[in-house]
Amino acid sequence: MEYTKNNTLSEIVRDDFRASRVFEKHGLDFCCNGKRPLGEACVEKGLNAEAIIGEIKNEMSNTERPDEDFEKIDLDELVEHIVNTHHGYIKRILPTLNTFANKVLNAHGKNHPELERVTELYHQVEAELTSHMFKEENVLFPFISKMADIKRMGGALTSIPFGSVRNPIAMMEAEHDSAGNAFHEMRAITDNFRIPDDACNTFRSFYGELNNFELDLHKHIHLENNILHPRAIALETELVS
Ligand SMILES: [Fe+2]
Ligand SMILES: [Fe+2]
């Protein structure tokens with residue numbers, strides 16, 4: 001696909017996820033805030049859209065296209081992938097991050113007053129994502145998987161427990177915004193998780209892991225907001241008409 005500044009960020013990453021590397025580098029939000037034209041997002045950041053498109057082309061000619069195609073697989077498979085890969089990772093890493101947050105605040109809070117807010121935001125994200133994933137795994141995802149099953153096996157979608165799948169989706173996307181904003185603030189007050197000279201190993205690991213966590217969260221939210229949710233809405237429309 002040939003991109004222009006009129007394509008939205010989410011269309012571009014849906015077409016080829018390698019574009020996300022360029023977006024990450026320039027702090028262009030393609031997951032929570034991806035449904036707007038590249039041109040508009042670039043103006044806001046003082047970037048040149050043509051140059052960004054050039055960088056994306058460059059990235060594509062220098063790297064292999066990932067072989068995962070989330071546009072074509074059945075939605076229950078996509079749900080399974082999200083749960084196994086991204087929810088699995090979050091559940092594994094949260095206890096470690098929690099320990100790091102408490103230790104780092106105790107040891108370095110005096111010299112680095114921003115740590116108080118960083119750890120507060122971290123604990124907020126931890127609590128919110130835990131309940132968020134619970135809702136996805138117990139309410140939204142089972143419904144989406146059921147629709148995928150009906151699509152494959154035939155049959156009718158007789159009851160939609162929450163009126164329309166659009167309702168829980170709107171709630172999940174609002175919660176994604178909240179996590180996205182928390183990371184945005186953490187980045188702003190830590191100069192992009194810059195490790196201070198007097199940091200101990202735990203401090204280094206804490207910021208390093210927060211950085212990895214955010215990257216994974218971007219891919220995770222991209223798969224939900226940009227692929228799973230629009231496909232689930234389209235499937236619901238198809239099944240009820
Ligand atoms: Fe999720
Ligand atoms: Fe989510």
Is the shortest heavy-atom distance from the side chain of [X] to the side chain of [Y] under 4.5 Å?
X: H229; Y: M172; answer: yes
X: L235; Y: L239; answer: yes
X: D16; Y: V13; answer: no
X: K25; Y: E55; answer: yes
X: L9; Y: L38; answer: yes
X: F30; Y: S10; answer: no
X: R117; Y: L121; answer: yes
X: L228; Y: V79; answer: yes

Distance (rounded to the nearest 0.5 Å) between [X] [atom1] and [Y] [atom2]:
X: K219; Y: T85; atom1: NZ; atom2: OG1; answer: 8.0 Å
X: L28; Y: L47; atom1: CG; atom2: CG; answer: 5.5 Å
X: R36; Y: C42; atom1: CZ; atom2: SG; answer: 9.0 Å
X: E71; Y: L78; atom1: CD; atom2: CG; answer: 9.0 Å
X: E24; Y: L215; atom1: CD; atom2: CG; answer: 5.0 Å
X: L217; Y: I90; atom1: CG; atom2: CD1; answer: 5.5 Å

Distance alone, cut at 3.5 Å: any donor-acceptor contact between the side chains of [X] and [Y]?
X: E136; Y: H87; result: yes
X: Y122; Y: N98; result: no
X: E114; Y: T190; result: no
X: E236; Y: S164; result: yes

[X] side-chain N/O to [Y] backbone N/O, donor-acceptor pair under 3.5 Å:
X: D74; Y: A148; result: no
X: N181; Y: D177; result: yes
X: D191; Y: R194; result: no
X: T99; Y: P95; result: yes

[Y] reachable from [X] in the ILVMFWY side-chain graph, under 4.5 Å edges:
X: I52; Y: M1; value: yes
X: I93; Y: V83; value: no
X: F23; Y: V43; value: no
X: I221; Y: L140; value: no
X: V125; Y: M171; value: no

Is [X] salt-bridged to [Y], cutoff N-O under 4.0 Å?
X: R152; Y: D76; result: yes
X: R187; Y: E214; result: yes
X: E77; Y: K72; result: no
X: E59; Y: R21; result: yes
X: D149; Y: K146; result: no
X: K5; Y: E50; result: no

Counting heavy atoms not belonging to [X], are there more than 12 under 6.0 Å from its [atom1]?
X: E116; atom1: CD; value: no
X: M60; atom1: CE; value: yes
X: F134; atom1: CZ; value: no
X: M153; atom1: CE; value: no

Nearest non-hydrogen partners of [X] and [Y], listed with the distance:
X: L157; Y: V240; value: CD2-CG1, 4.1 Å
X: H86; Y: L223; value: NE2-CD1, 3.7 Å
X: G27; Y: K45; value: O-CE, 3.1 Å
X: I144; Y: A232; value: CD1-CB, 3.8 Å
X: A19; Y: I56; value: CB-CG2, 4.0 Å
X: C32; Y: N225; value: CA-ND2, 3.9 Å

Hey, would you say the [X] and [Y] ring centroids sit under 6.0 Å apart?
X: F193; Y: F206; answer: no
X: F203; Y: H112; answer: yes
X: F213; Y: F183; answer: yes

Criterion ring-ring contact (aromatic ring centres under 6.0 Å, His included) on F17 and H222, from CA distance to verdict: CA-CA 10 Å; F17 192 68; H222 155 70; 5.0 Å; yes
CA sep, side-chain torsions, deciding dist, call: H220, H176, side chain to side chain donor-acceptor pair (under 3.5 Å): CA-CA 10 Å; H220 176 183; H176 292 164; 5.6 Å; no
Residues in side-chain hydrogen bond (donor to acceptor under 3.5 Å, both in side chains) contact with E40, at least two apart in sequence or another chain: none
